[in-house]
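Heads up: numbering here begins at 1 and tracks the sequence.
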Amino acid sequence: MAGIDILNEASAVGLILLMRTEGEIHSSDLRRARGGYDRLKKLASRMQEEGLIEIETIKDPYFQVNYTLTEKGIKIADKLAEIDGLILE
């Protein structure tokens with residue numbers, strides 16, 4: 001387990017905040033966070049290992065991967081949004 005180090009990964013905070021805003025994102029939405037698609041997929045897998053997000057693969061009627069924050073991820077996202085707001089003051 002990496003703990004807080006996961007937030008040091010490039011685009012980790014942006015990805016968490018994107019999921020906080022959107023609720024659920026799809027694999028195509030990974031391009032909206034800064035960083036390459038493949039790198040973000042690996043980051044998402046590490047975030048899943050840390051219990052921050054859930055990844056759901058749907059194969060029917062077409063292949064789709066959905067990403068959502070877990071309860072733990074939502075708590076962290078809320079804190080990150082609060083910090084972001086303080087910085088912007």
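- Residues passing the side-chain contact (heavy atoms from CB on, under 4.5 Å) test with Thr70, sequence neighbours excluded: Glu54, Lys72.
- Residue pairs meeting the side chain to side chain donor-acceptor pair (under 3.5 Å) criterion with at least one partner in residues 37-48, sequence neighbours excluded, are Glu9-Arg46, Ser11-Arg39.
- Under the 4.5 Å side-chain contact rule for hydrophobic residues, Ile4 and Ile53 share a cluster.
- The distance from atom CG of Leu52 to atom CD1 of Ile6, rounded to the nearest 0.5 Å, is 7.0 Å.
- Grouping Ile, Leu, Val, Met, Phe, Trp and Tyr by side-chain contacts under 4.5 Å, direct or through others, puts Ile87 with Ile83.
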Run the side-chain donor-acceptor check on residues 59-69: report pairs under 3.5 Å with partners two or more places apart or on a different chain.
residue	atom	partner	partner atom	Å
Tyr62	OH	Gln64	OE1	3.1
Gln64	NE2	His26	ND1	3.1
Gln64	NE2	Asn66	OD1	2.8
Asn66	OD1	His26	ND1	2.5

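- Listed here is the closest heavy atom pair of Leu18 and Asp29: CD2-O, 3.8 Å.
- Every side-chain contact (heavy atoms from CB on, under 4.5 Å) that Glu82 has, sequence neighbours left out, goes to Lys79.
- The heavy-atom pair separating Ile25 from Leu15 by the smallest distance is CD1-CD1, 3.9 Å.
- Cluster membership check: Ile55 does not share its hydrophobic cluster with Ile58, using side-chain heavy-atom separations under 4.5 Å among Ile, Leu, Val, Met, Phe, Trp and Tyr.
- For residues 14-26, the salt bridge (charged side-chain N to carboxylate O under 4.0 Å, His left out) pairs, not counting sequence neighbours, are Arg20-Asp78, Glu22-Arg32.
- Two residues are said to be in side-chain contact when any heavy atoms from C-beta on lie closer than 4.5 Å; Ile16 and Leu7 meet this criterion.
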